[in-house]
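Computed over heavy atoms, backbone and side chain alike; hydrogens, waters and symmetry mates excluded. No experiment lies behind these values; they were computed from the predicted model shown.
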Amino acid sequence: MRILLKSFKTEINPTAEQKVKINKTIGTCRYVYNFYLGHNKNLHDKGEKFMTGKSFSVWLNNEYVPNNPDKVWIKEVYSKAVKKSIEDGYTAFTRFFKHQSAFPKYKKKGKSDVKMYFVKNNPKDCRCERHRLNIPTLGWVKLKEKGYLPTTKDGWKIKSGTVSIRADRYYVSVLVEIPDTKITNNSNDGIGIDLGLKDLAIVSSGKTYKNINKSDRVRKLEKQLRREQRCLSRKYENLKKGEPTQRANIQKQKLKVQKLHHKLDNIRTDYINKTIAEIVKTKPSYITIEDLNVKGMMKNRHLSKAVASQKFYEFRIKLKTKCDDNGIELRVVDRFYPSSKLCHCCGSIKKDLKLSDRIYRCSCGYVEDRDFNASLNLKDAKTYEVA
């Protein structure tokens, strides 16, 4: 049987001592990453040779730390996590040299997503039980969601993982070896999915998934978020004026804002997960979506917030993963395919169709909802690429 690698992410409940170790390791990884970037930048300014991640790691451990006693704390944390941060810096430089990304940026405390990497070195590491996980240098860590991670007793093998912090909450993500249980030969018809702003997804089968951002729960949280952001802004303005605004109160207010952002993000992600799971559960033979120009849509200042909150890219990535797991072919049509302007009945193209026209009316007498007509056209598209 073929073995696949699958990632699982869940929240953990570390002790106070474990939290100190996690924060210390993440802080050291951020420092070493920035140090690697700055060191290579100084070498470039001097006209010297670029230092790879492996050579930098050897120089750091054998020359720099022994000659600088005040930097001994670098060796006090998990060594594999520090090496992984150096490898990440080397990867960022490699992508820059290949013109695949911009010049690497320094990671800032409290803003950049730095993680603590761990890997299985011996049989005692990365053991998982129903309610806890064994992480190198941390020991057994309690899981908040019991029974979600695959346990070692069932024969699952955890290869590696990361520990991250977001809004003062701790998460673990593990990479697990699982057997390939892909389902093939789905006999049902294919479907087309049209993504939009009014509704999240309109399926050619007739099912419509509403926009979660228009729900009362999300609107209430967004209103609360605006209030807390204004409060945080006032504290910063008072600090600039020299008024006695304590920095501890600013940190408390920042944490309130972060928690609200995190809660809204979780609500939207959960809705996307449930939507995709319900669509895939019907087991269509194929699913067709459109290659949306999200970057171009974000340039419209009137729609950028609505586009960002819909998470079109995340929807596509998770849909592809679900399709791969269930043996469903995911088809992607070109962004210039006239799915909305094309009449599903006679095949003519209505060039003067406006964005405000929510009902598609054709000269042949065909009348249908604009988005549903687009989903039908995506289902019957002949020119596409398999994702």
Can Lys235 and Asn249 be said to form a side-chain hydrogen bond (donor to acceptor under 3.5 Å, both in side chains), step by step? CA-CA 8 Å; Lys235 290 183 184 297; Asn249 292 336; 5.9 Å; no
Shared hydrophobic cluster for Val294 and Leu200 (ILVMFWY, side-chain gaps under 4.5 Å): yes
Salt bridge (Lys or Arg N to Asp or Glu O under 4.0 Å) contacts touching residues 62-77 (sequence neighbours left out): Lys24-Glu76
Presence of salt bridge, Arg234 and Glu237, under 4.0 angstrom: no
Connecting only ILVMFWY residues whose side-chain heavy atoms lie within less than 4.5 Å of each other, what is the rest of Ile359's hydrophobic cluster? Val367
Partner of Gln18 by side-chain contact (heavy atoms from CB on, under 4.5 Å), out of Val163, Val141, Thr137: Val141
Running the 4.5 Å side-chain criterion over Ile, Leu, Val, Met, Phe, Trp and Tyr, what cluster does Leu255 land in, apart from itself? none
For the atom pair CG (Leu319) and SG (Cys323), what is the distance rounded to the nearest 0.5 Å? 4.0 Å
Could you tell me whether the side chain of Lys283 reaches within less than 4.5 Å of the side chain of Asn326, counting heavy atoms only? no
Return yes if some donor-acceptor pair links the side-chain N/O of Arg370 with the main-chain N/O of Asp357 below 3.5 Å, else return no. yes
Starting from Ile202, walk the hydrophobic network (Ile, Leu, Val, Met, Phe, Trp, Tyr; side-chain heavy atoms closer than 4.5 Å) and list everyone else you reach, by chain and number. Leu353, Tyr360, Tyr366, Phe372, Leu376
Verify, without hydrogens or angle tests, whether Glu290 (side chain) and Val332 (backbone) share a donor-acceptor contact under 3.5 angstrom. no
Ion pair Lys159/Glu177, N-O distance below 4.0 Å: yes
CG/Asn377 to NE2/His344 distance, rounded to the nearest 0.5 angstrom? 6.0 Å
Check: Asn34 side chain, Tyr106 main-chain N or O, donor-acceptor pair, under 3.5 Å: no
With a 4.0 Å cut-off, would you call Asp265 and Arg166 a salt bridge? yes
With under 30° as parallel and over 60° as perpendicular, where do the rings of Trp59 and Tyr64 fit, or are they tilted in between? tilted
What pairs with Phe103 under ring-ring contact (aromatic ring centres under 6.0 Å, His included), at least two apart in sequence or on another chain? Phe93, Phe96
Full working for ring pair (Phe, Tyr, Trp, His ring centres under 6.0 Å) between Phe8 and Tyr148: CA-CA 8 Å; Phe8 295 84; Tyr148 175 69; 5.8 Å; yes
Polar side chain donor-acceptor pair, Ser309 to Asn213, under 3.5 angstrom: yes
Tracing side-chain links under 4.5 Å among I, L, V, M, F, W and Y, which residues wind up in one group with Ile349? Val333, Tyr337, Leu342, Leu378, Tyr384, Val386
Quick one: does any side-chain atom of Gln224 pair with a main-chain N or O of Leu260 as donor and acceptor, under 3.5 Å? no
Hey, are Glu329 and Arg331 close enough for a salt bridge, meaning a charged N less than 4.0 Å from a carboxylate O? yes
Find the distance between CD (Glu368) and SG (Cys362) and round it off to the nearest 0.5 Å. 12.5 Å
Expected output: side-chain Asp369 to main-chain Asp371 donor-acceptor under 3.5 Å: yes
How about Val174 and Leu133: do any of their side-chain heavy atoms sit closer than 4.5 Å? yes
Between CD of Glu11 and CG of Asn266, what distance do you get to the nearest 0.5 Å? 9.0 Å
Only residue of Arg268, Arg217, Lys214 satisfying salt bridge (Lys or Arg N to Asp or Glu O under 4.0 Å) with Glu222 is Arg268
For the pair Thr52 and Ser55, evaluate side-chain hydrogen bond (donor to acceptor under 3.5 Å, both in side chains) and give the outcome as yes or no after the intermediate values. CA-CA 5 Å; Thr52 62; Ser55 58; 2.9 Å; yes
Only one of Tyr33, Tyr90, Phe35 passes ring-ring contact (aromatic ring centres under 6.0 Å, His included) with Phe56; say which it is. Phe35
Check: Tyr36 side chain, Met51 main-chain N or O, donor-acceptor pair, under 3.5 Å: yes
